Amino acid sequence: MSTQKRILLAKMGLDCHDTGIITVAQQLRENGFEVIYLGLHNTAEQVVKAAIEEDVDAIGVSFLSGQHMAQTRLLAEAIKENEIDLPIICGGVIPDDDAAELRNLGISEVIKPGTLTEDILILVNRALKV
Amino acid sequence: MSAAESAQVRDHEEQIFETASGLTIEEIYDGNSIENLDYERDLNAPGEFPFTRGPYEGMYRTRIWTRRFQVGFGSPKESNERIKYLHQNGANGFVITIDLPTSYGFDSDDPIAAGEVGVTGVAISTLEDMENLYDGFGPDSVSYALSIRPPVSSVTLAMLACVAEDKGVPLNTVIGTQQNDPFYQMSGGPLQTTTQFFPIQGTLRLCLDNIEFISKNMPRLNWMVTNGYNLRETGVNAIEDGAFTLAHAFDIYRMAKARGLDINKFPLRGSFFLSCSVDFFEEIAKFRAMRRLYARTMRDELGATEENACRMRFSVQTAGNTLTTQQVHVNIVRSTVESLAAVFGGAQSIHLCSYDEGHGLPTEESSRVALRTQQVLAYETGVTKTIDPLAGSYYVENLTDQLETAITNKIREVDELGGMAKAIQDGWLEEQINAARYKNQRDIDSGRKPLVGVNCYTIPPEEDTPVKVHKIQADEWGVKRSEYLKQYRADRDSQKWNDAMSKIDSGWKNNENMVPIIMNALRNKATMGEIHEAMRQAQDWSFR
């Protein structure tokens with residue numbers, strides 16, 4: 001059995017700032033992860049469905065236009081409804097106050113802009129508990 | 001050794017002598033560096049072909065660059081109140097930002113709009129929304145630049161024309177701008193944003209319908225602002241920025257020409273929105289090179305015979321992607337350097353990013369600092385008092401030449417692929433963008449590209465300045481707008497609405513100009529989302 005970790009990355013809602021998430025996808029691939037990137041404009045249901053189908057170890061989402069609270073709430077609800085237990089990692093432009101609230105919603109890690117690859121790997125591995 | 005440490009010692013061991021786009025920088029430039037420069041042919045006076053030294057005679061001595069105010073949040077009424085307040089305080093030019101659902105042609109009550117209504121800009125779904133946005137103002141007296149692209153810009157243009165007619169304002173006196181860039185208006189890579197919700201060929205057709213309608217009926221309205229800014233923000237360099245921006249604009253010009261529009265006339269109301277990044281001299285050279293290359297291409301390849309049609313005008317925003325989330329006040333320095341480069345590059349309008357961009361929407365305070373930075377440059381430093389002061393510099397002229405050549409070569413690559421629409425659809429542009437993204441990150445990780453506060457000169461997060469940002473009320477706005485639209489649709493004459501909607505179908509299929517047809521639909525209370533759905537159906541196209 002492969003020990004390679006699988007991570008699902010997706011943009012949710014209508015925000016189309018994708019430079020961060022596409023770059024992170026590549027950084028993770030170069031560091032031994034298998035990454036499935038769903039592209040832009042996904043609903044919470046689409047993300048959860050893909051996570052189940054692809055049997056991933058974690059979900060990563062990214063927001064740069066202020067939808068992080070609304071969309072993450074929807075994602076947390078969809079995960080609960082589908083009774084799956086997966087760490088969620090959230091990246092992007094997220095105010096400090098909101099980052100604390102996201103953790104209350106069950107988000108494992110919040111990754112800010114300007115995080116170097118070595119630190120991203122530390123945060124992702126911490127979310128995966130490896 | 002960590003990347004952060006290696007970047008800190010790198011200063012003393014080695015430096016990389018190249019521009020951000022990779023052009024070699026010599027230790028010294030001299031007369032040999034510009035031996036082929038011919039003053040009249042390559043520079044000439046400001047306002048004279050090829051406009052290298054500036055598009056206008058007098059430049060900032062006649063008028064300092066425009067400092068437009070960006071407005072747009074929540075409902076049209078709330079945005080209009082803000083515009084009225086700013087207008088009373090002396091502003092008469094506004095950039096109206098639009099929320100994401102509207103930017104994609106969705107009504108505020110579409111399920112896809114959940115959590116997005118009024119967040120990144122104002123929501124516009126009905127003709128009444130546009131009337132409310134213009135409450136108290138005539139479209140011939142106050143200038144709105146709508147950050148909107150086709151297909152949606154065909155609807156906002158039709159709304160604007162209806163508002164003008166209803167207020168008794170002749171169309172040929174309407175001022176303002178419809179951004180109308182079919183490819184680069186949304187942030188991020190353009191492949192998915194230009195193909196997911198509307199067919200790209202339909203988008204191009206509406207872009208040209210708008211240009212045709214505006215150039216025939218609304219000669220004072222700007223019909224397209226090519227948005228190089230959002231493209232540059234994806235991470236491409238100055239050469240790619242110049243090339244992808246100009247190649248795209250020239251493609252649209254060729255299509256407009258093919259529709260029978262006059263190449264000496266319609267370009268007068270076309271302009272550009274460009275980014276100014278932090279590599280000071282390369283950005284200045286980019287602006288000067290783009291102006292010269294534009295002029296030469298318009299004359300030699302597109303057949304413009306009047307100098308006026310060869311004059312490139314652009315507004316500049318400082319580069320958001322050079323700002324850091326860490327140690328935010330350092331961003332004020334970056335934006336200052338970038339806006340100074342925009343001044344030396346001869347921009348017609350400048351907007352500075354707020355220093356807190358990496359945390360959220362700007363506050364009143366951070367917006368004020370951005371405006372004051374420009375005012376210090378404009379009124380204290382004296383940099384405006386002679387035109388194009390860097391002209392004749394061995395380095396700047398040499399670099400301007402190199403940029404012009406490199407941009408020209410890159411444009412040829414796009415032309416050989418069959419133009420920008422094809423380069424986007426085939427995924428070629430996305431590959432170019434992604435390569436740039438990966439390179440930027442590798443260079444930051446390795447310290448090859450020093451980024452103060454990120455890979456060098458860092459401080460622990462707990463010592464960093466706490467940042468307060470503007471709070472958004474997306475849920476509240478969404479509920480209000482849903483109730484409003486429900487009532488709007490209930491109050492209309494369904495037979496008239498039906499007739500107007502079927503005219504969209506026949507008009508599309510008969511290749512008519514869609515703007516008057518959309519005006520009719522709006523007057524019969526069709527909404528933004530309904531009009532888009534009808535146009536999709538007319539193309540036998542669906543995405544849901």
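Since we're looking at a predicted model, the values are computed, not measured. We use all heavy atoms of the structure for the numbers below, so side chains are in, but hydrogens, waters and symmetry mates are not. Labels below follow one simple rule: chain letters A, B, ... track the order of the sequence lines, proteins then strands, and each chain is numbered from 1.
Residue B:V454 comes nearest to A:G114 through the heavy atom pair CG1-O, 3.4 Å, listed as atom of the first residue, atom of the second, then distance. A:L14 and B:E116 make their closest contact through N-OE2, 2.6 Å (heavy atoms, listed as atom of the first residue, atom of the second, distance). Between A:T23 and B:Q441 the shortest heavy-atom distance is CG2-CB, 3.4 Å. Scanning all heavy atoms of the two residues, the minimum distance from A:P113 to B:G358 falls at CG-O, 4.1 Å. Nearest heavy atoms, A:S65 versus B:V119: O-CG1, 3.4 Å. Between A:C16 and B:M186, the shortest heavy-atom distance links the atoms SG-CB, 3.7 Å.
Proximity to chain A is limited to the side chain of B:T120, based on heavy atoms less than 4.5 angstrom apart. Of the two parts of A:T43, neither the backbone nor the side chain holds a non-hydrogen atom closer than 4.5 Å to a non-hydrogen atom of chain B. Of the two parts of B:E357, only the backbone, made up of N, CA, C and O, holds a non-hydrogen atom closer than 4.5 Å to a non-hydrogen atom of chain A. For A:L40, the parts lying near chain B are the backbone and the side chain together; criterion is any non-hydrogen pair under 4.5 Å. Neither the backbone nor the side chain of B:A436 comes within less than 4.5 Å of any heavy atom in chain A.
Summarising the geometry, atom NE2 belonging to A:H41 is positioned 10.0 Å from atom CZ belonging to B:F543; distances are rounded to the nearest 0.5 Å. Interatomic distance, OG1 of A:T117 versus CG of B:D445, reported as 3.0 Å (0.5 Å rounding). Of the inter-residue distances, the one linking B:N434 atom CG with A:Q26 atom CD reads 8.5 Å to the nearest 0.5 angstrom.
Inspection of the B:R437 and A:T19 side chains reveals an N or O donor paired with an N or O acceptor under 3.5 Å.
In summary, B:K468 and A:D96 do not engage in a salt bridge, as defined by a charged side-chain N under 4.0 Å from a carboxylate O.
The 12-atom threshold is exceeded at CD of B:E463, counting heavy atoms of other residues, nucleotides or ligands nearer than 6.0 Å. Taking a 6.0 Å sphere around CD of B:E462, one finds it holds more than 12 heavy atoms contributed by other residues, nucleotides or ligands.
Qualifying salt bridge (Lys or Arg N to Asp or Glu O under 4.0 Å) partners for A:E30, counting only residues two or more places apart in sequence or in other chains: none.
In this structure, the side chain of A:D18 does not engage the main chain of B:G188 through any donor-acceptor pair within 3.5 Å. The main-chain N or O of B:G115 is never found under 3.5 Å from a side-chain atom of A:Q67 such that the two would form a donor-acceptor pair.
Close approach to chain A, defined as a heavy atom under 4.5 Å from one of its heavy atoms, is seen in B:Y104, B:F106, B:I112 of residues 103-113 of chain B, taken by number.
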